[in-house]
Amino acid sequence: MVTFPGSLDDGDARRAVGLAGAEAVALWHGDHDLRGVDAVILPGGFSYGDYLRSGAIARFAPVMAEVVAAARGGMPVLGICNGFQVLCESHLLPGALIRNHHRKFVCRDQRLKIENASTSWTHDYVTGEEVTLVLKNGEGAYVADLATLDRLEGEGLVVARYLGDDPNGSMRAIAGITTERGNVVGLMPHPEHAVDSLCGPGTGGLPFFTSVLQSLAASAPAASAGTPPPQGPPPLQGHSSGRELVL
Amino acid sequence: MTETQTRQLDTVAHAQEHPDVAQPWAELGLKSDEEAHLREILGRRPTSSELAMYSVMWSEHCSYKSSKVHLRRFGEQVTDAMRKHLMVGIGENAGVVDIGQGYAVTFKVESHNHPSYIEPYQGAATGVGGIVRDILSMGARPVAVMDALRFGPLEAPDTQRVLPGVVAGVGGYGNCLGLPNIGGETVFDPSYAGNPLVNALCVGVMRHEDIHLANASGTGNQIILYGATTGGDGIGGVSILASEAFDTQGSARRPSVQVGDPFMEKLLIECTLEVFAEHLVAGIQDLGGAGLSCATSELASAGDGGMHVWLDRVPLRDESLAPEEILMSESQERMMAVVEPAHVSRFLEICAKWDVDATVIGEVTDTGRLVIEWYGDTVVDVPPRTVASEGPVYERPFARPIWQDSLQAGDASTLPRPTTGEGLRATVLQLVASPNLCDKSWITNQYDRYVQGNTVLAQPEDAGILRVDEQSGLGIAVSTDCNGRFAKLDPFTGAQLALAESYRNVATAGARPLAVTDCLNFGSPEDPDVMWQFAEATRGLSQGCEALGIPVTGGNVSFYNQTGAEPILPTPVVGVLGVIDDVTRRTPIGFTTEGQQIYLLGTTRDELSGSEWAHVAHGHLGGLPPVVDLEMEAQLADLLINASRDGLIDAAHDLADGGLAQALVESCLRYDVGARVWLPDELDPFVALFSESTARVIVAVPRSEEVRFTDMCAARRFPHVRMGVTDGRGDDAVLEVQECFSVSLAELRAAWSATLPTAFDD
Amino acid sequence: MPRVIVEVMPKPGILDPQGKAVLGAMPRLGFGGVVDVRQGKRFELELAEEVTEDQLAQVRQVAEALLSNPVIEDYTVRVEAS
Amino acid sequence: MPRVIVEVMPKPGILDPQGKAVLGAMPRLGFGGVVDVRQGKRFELELAEEVTEDQLAQVRQVAEALLSNPVIEDYTVRVEAS
Ligand SMILES: Nc1ncnc2c1ncn2[C@@H]1O[C@H](COP(=O)(O)OP(=O)(O)O)[C@@H](O)[C@H]1O
Ligand SMILES: [Mg+2]
């Protein structure tokens with residue numbers, strides 16, 4: 001879990017990771033290594049205040065060099081909201097996120113359709129599944145040139161799309177995209193705010209955090225899978241889990 | 001430094017040698033008797049720096065000189081019952097309340113009205129920033145904000161300018177700090193045209209042992225200024241000093257608007273909490289209105305009484321600032337800490353980690369004087385208490401306005417009322433679409449209510465609820481309310497009605513009310529009519545708090561809210577804080593399940609004077625406001641808290657503006673669940689639907705709990721009547737008032753939700 | 001097409017958090033020669049017809065009322081050489 | 001002090017919600033002669049020393065990497081005549 005100065009939803013994402021049964025490891029923007037984590041989440045917020053362009057300055061944080069290298073090497077990386085913006089600014093994902101078409105910050109419960117349930121972060125969904133997550137952003141309109149959009153569509157790299165009326169002016173209602181390998185996902189809405197129905201609109205976001213456990217378990221070499229797979233649903237606290245995953 | 005050096009610096013020595021220099025007292029807002037008093041204190045004329053400090057600290061805004069005598073009531077009427085949960089009372093940056101399990105909560109509401117009129121975005125943003133620093137300086141982690149807003153008529157051109165800016169500013173700052181916005185109010189009335197109100201509330205949480213107070217004790221302790229650099233923000237007024245006394249170059253054009261940097265504030269919060277956690281701080285104060293003048297004099301007068309400051313060490317954004325201007329600057333995102341010498345280096349280290357500038361600018365002394373030096377010359381040498389706490393106090397004359405009787409005589413009973421089902425139906429639709437009752441999500445959707453993941457209830461609920469402890473489920477609830485029309489009809493009752501509504505909202509959500517904060521927005525205190533309104537409102541509020549057994553822990557007074565001779569409606573905004581042992585037991589307003597019984601609790605009378613109906617349908621304001629019965633409010637609160645704890649009710653919504661009709665509509669629209677209701681036989685349907693009698697709520701009771709629930713009401717002899725059932729959901733759901741009318745939720749929603757988007761979206 | 005440029009910059013002395021953020025990021029990119037950065041806005045207005053004095057006066061009004069906030073910003077208007 | 005100006009504008013074809021809003025508001029202000037508006041950013045960089053070719057090249061790098069996002073924006077760099 002990378003915290004930049006100005007990150008805000010890192011605590012929530014940490015909670016979600018715990019609920020999914022993994023352990024969250026705090027990474028600071030100035031870190032020069034990833035401390036052996038198995039996957040990285042770039043949380044929401046306003047990194048460095050985001051006065052210039054969302055994610056523009058965070059991209060140059062020392063830790064991002066490590067994240068980019070790890071992502072290119074296949075490590076699962078999820079960028080949520082500001083994290084998505086950072087991934088685009090870092091050119092790990094194509095396109096850009098610009099000011100919402102209505103020029104206001106928007107915070108609302110948002111219905112989405114999961115378009116690709118085969119990425120590292122969406123395994124536990126079914127393609128076509130509809131979920132409600134929290135959407136909150138000021139610069140959330142996804143834009144790219146036509147060739148890029150067509151390529152994303154053609155190769156099935158659109159991960160999620162907005163349903164209902166247009167919340168921010170994203171082209172083709174794109175809410176999230178992934179890379180060819182499916183390990184890097186950028187998502188505008190916040191799955192970490194939809195993991196317990198007391199403080200969010202249901203639990204529709206939890207599969208993002210459980211999916212990555214599955215994909216890591218599946219791809220883990222036999223040697224590192226020394227602990228037996230867990231029985232039954234994951235426990236609420238990460239440490240007692242049989243899974244060795246560290247986020 | 002060039003410009004300032006070429007000026008003749010007005011040092012203390014210079015002031016002694018040149019007693020007869022003309023100084024711009026009047027322009028700085030000091031009265032001639034205040035001038036005389038000041039000379040008496042100092043035994044000479046003040047230097048221009050001293051004059052800057054006194055003029056701003058003795059201003060209405062900082063000294064409470066007109067309100068002090070009335071505010072004393074809040075402190076005097078604290079009973080043992082109130083004291084039970086009170087850890088820090090009125091007079092500190094913010095009061096602190098014990099909520100149990102070792103947690104303490106601090107909360108306060110503050111106005112930023114005038115700056116928000118001049119520059120809506122920055123005015124509102126820095127209003128949020130200021131109240132957040134207040135809470136932070138108590139040692140607490142800020143956990144949520146709320147905003148109580150008042151604007152002129154929705155369609156007025158100036159509202160089109162002010163409202164979007166204010167809302168974007170509240171959101172822009174709070175969102176960037178990662179503080180969920182959990183509620184507030186938005187009210188429109190012609191009296192606020194040209195004088196909008198922006199009242200911002202912040203809540204903070206800490207452990208009991210973490211409370212910090214603003215005082216500078218311990219001779220030799222170091223004074224550290226940290227945060228943003230100091231610029232020429234907010235010093236429009238004092239620039240006269242620098243320019244008139246010295247030269248006419250430059251400084252007179254200094255901006256009087258403050259610009260906020262929420263990212264800096266976020267760093268300031270994290271950095272401050274870290275220095276608290278390491279116990280490096282002996283005293284702390286935020287810099288708000290009156291900047292360094294206020295922080296240095298308040299810290300010094302609350303401590304050992306002496307402080308020496310090297311003003312030239314203050315890091316500047318604008319090197320041309322004169323000492324007077326530095327003392328007055330209201331640059332945002334700054335704090336001042338008193339730190340033992342041994343802790344200074346660690347303190348600075350933590351600041352550096354967070355990229356926060358920190359500078360030792362002074363130290364605590366035992367001289368009993370606040371001495372400020374500028375490149376070796378003394379420019380200020382004063383007893384700090386005379387600046388901070390012993391300013392002038394006025395017993396402003398007040399008198400019941402001559403128009404009050406005729407206002408109260410012209411009540412709403414003569415206004416034509418709808419009598420047919422069709423007429424009632426049309427009135428419901430008209431009211432739900434009216435600016436004060438319509439859907440506020442155009443506003444609240446610009447606020448992040450989810451961040452931190454502890455928001456259990458937020459807008460459009462009766463109260464915001466936050467989880468404080470994830471393990472135990474301990475939480476807090478906050479609501480802010482005020483009906484200015486009621487306060488105009490009768491300020492004493494109006495203030496109690498504001499308190500009653502806020503108290504009821506907290507209890508309706510399932511929490512036990514514990515404490516009160518208030519923001520008293522009024523016109524000019526020099527107008528005896530206004531002063532009477534103020535005196536009555538404070539009297540009403542303090543007596544109300546006594547009756548309910550909850551103390552006022554802090555607040556803010558904003559005077560001079562008027563356009564020309566026309567003051568705003570008296571607007572004593574009341575915020576109530578409550579505690580809830582288990583947030584999973586909170587009661588939301590929305591009907592969720594079909595087939596539940598709807599009960600109306602409380603007594604309905606023909607009370608329509610000052611109502612939303614009179615306002616919307618007839619543009620009428622006259623008569624007496626609804627009767628307040630605080631005894632009933634307390635009983636109702638107790639009933640609701642117990643019903644929620646025992647799981648007897650699934651939804652509850654208090655009846656306020658717009659009466660029963662509005663409450664039903666809101667409960668139905670929340671989750672698109674319809675209702676079939678019948679009105680009590682003994683009441684005229686119009687009165688039943690639109691009266692604004694107090695101490696009433698509607699609740700939804702699952703059939704399985706109905707007997708227990710009614711037994712509970714009966715045992716407490718609380719008036720309750722079954723008046724309907726939840727029925728139908730989704731697209732075909734309707735609100736049916738039997739023998740009157742039926743209206744589909746779709747039609748209601750269309751009317752209710754279109755108003756703000758139509759007004760503000762291009 | 002004739003084009004008028006309106007440039008809006010924060011007034012001197014007014015805090016400019018955006019410029020400050022950029023200035024703070026420069027050294028991280030290895031660029032040390034900058035001592036101050038101010039960030040403002042730039043508007044390109046395409047006009048239907050050739051720019052008259054009259055129109056320019058109108059643009060100035062728009063710049064004052066809409067494009068800038070005179071309390072905290074200054075603006076300049078100029079016709080772009082085409 | 002020597003000053004370099006960087007101007008960043010949305011690429012043609014890229015949605016510019018702010019420019020669009022300004023364009024939409026113009027007629028309401030009684031100004032009808034504008035057919036298009038684009039809104040971009042303007043940076044004023046104050047350099048410590050006189051601007052060398054080398055420094056200008058560096059500023060161009062900063063403009064490319066930080067001040068603009070080449071996916072959606074174009075930039076220009078110029079030295080301000082002092
Ligand atoms: N400016 C605002 N900021 C935040 N919340 C607001 C604002 N205006 C209204 N709300 C929310 O909208 C809902 C309806 O407001 P209101 O009718 O005043 O409620 P009530 O009468 O119960 O106090 C409440 O949840 C309130 O907190
Ligand atoms: Mg209410």
Side-chain angles (χ1 to χ4, degrees), chain C residues 1-10 12 16 18-68 73-78 80, chain D residues 1-12 16 18-52 54-68 73-78 80:
Chain C
M1 234 182 287
R3 193 184 265 181
V4 180
I5 308 294
V6 180
E7 291 168 351
V8 176
M9 296 300 292
D16 171 20
Q18 304 154 80
K20 222 177 80 190
V22 171
L23 182 64
M26 295 246 169
R28 254 172 280 148
L29 274 105
F31 187 49
V34 180
V35 294
D36 195 23
V37 178
R38 313 238 355 122
Q39 178 177 339
K41 296 177 196 139
R42 182 171 191 276
F43 299 88
E44 295 181 0
L45 278 58
E46 310 241 350
L47 303 196
E49 287 152 57
E50 224 173 295
V51 192
T52 62
E53 255 318 304
D54 206 44
Q55 270 181 317
L56 218 52
Q58 275 196 305
V59 172
R60 265 187 216 104
Q61 267 177 26
V62 172
E64 172 101 27
L66 180 71
L67 305 183
S68 77
E73 294 167 329
D74 293 326
Y75 67 87
T76 61
V77 172
R78 64 190 159 77
E80 194 174 61
Chain D
M1 237 180 284
R3 194 184 263 180
V4 179
I5 309 293
V6 179
E7 291 168 352
V8 174
M9 297 300 293
K11 272 203 161 75
D16 171 19
Q18 299 161 113
K20 223 177 82 195
V22 171
L23 183 65
M26 295 247 169
R28 256 174 283 147
L29 278 146
F31 187 47
V34 180
V35 293
D36 194 23
V37 178
R38 315 241 353 122
Q39 177 175 339
K41 296 176 192 142
R42 181 172 191 275
F43 301 87
E44 294 181 359
L45 279 55
E46 310 239 351
L47 302 195
E49 285 151 58
E50 226 171 294
V51 192
T52 60
D54 205 45
Q55 270 181 317
L56 219 52
Q58 275 198 306
V59 172
R60 266 190 215 102
Q61 267 179 26
V62 171
E64 170 101 27
L66 177 71
L67 302 181
S68 75
E73 294 163 328
D74 293 325
Y75 68 89
T76 61
V77 172
R78 63 189 160 78
E80 194 174 61

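Below, chain A is the first sequence line, B the second, and so on; all start at residue 1.
Both the backbone and the side chain of C:L45 come within contact range of chain D, with heavy atoms under 4.5 Å apart. For C:L67, the part lying near chain D is the side chain, with the backbone staying farther off; criterion is any non-hydrogen pair under 4.5 Å. Contacts between D:L29 and chain C at a heavy-atom distance below 4.5 Å involve the side chain alone, from C-beta outward. Within the 4.5 angstrom heavy-atom criterion, only side-chain atoms of C:A65, from C-beta onward, approach chain D.
Comparing C:Q58, C:R3, C:E46 by heavy-atom pairs within less than 4.5 Å of chain D, the highest count is held by C:E46. When each of D:V8, D:V4, D:V62, D:D36 is checked for heavy-atom pairs under 4.5 Å with chain C, D:D36 comes out on top. Put simply, of C:Q55, C:M9, C:Q18, the one with the most heavy-atom pairs under 4.5 Å next to chain D is C:M9.
Closest approach of D:E64 to D:Y75, counting heavy atoms only: OE1-OH, 2.9 Å. Here the shortest heavy-atom pairing between C:R38 and C:D16 reads CA-OD2, 3.1 Å. Of all the heavy atoms in C:P10 and C:G40, the pair that sits closest is CD-CA, 4.1 Å.
Between the OG atom in D:S68 and the CG atom in D:D74 there is a gap of 8.0 Å [rounded to 0.5 Å].
Residue D:K20 qualifies as open at atom NZ: its count of foreign heavy atoms under 6.0 Å is 12 or below.
Contact of the D:F43 side chain with the D:K41 side chain is registered, since non-hydrogen atoms from C-beta on lie closer than 4.5 Å.
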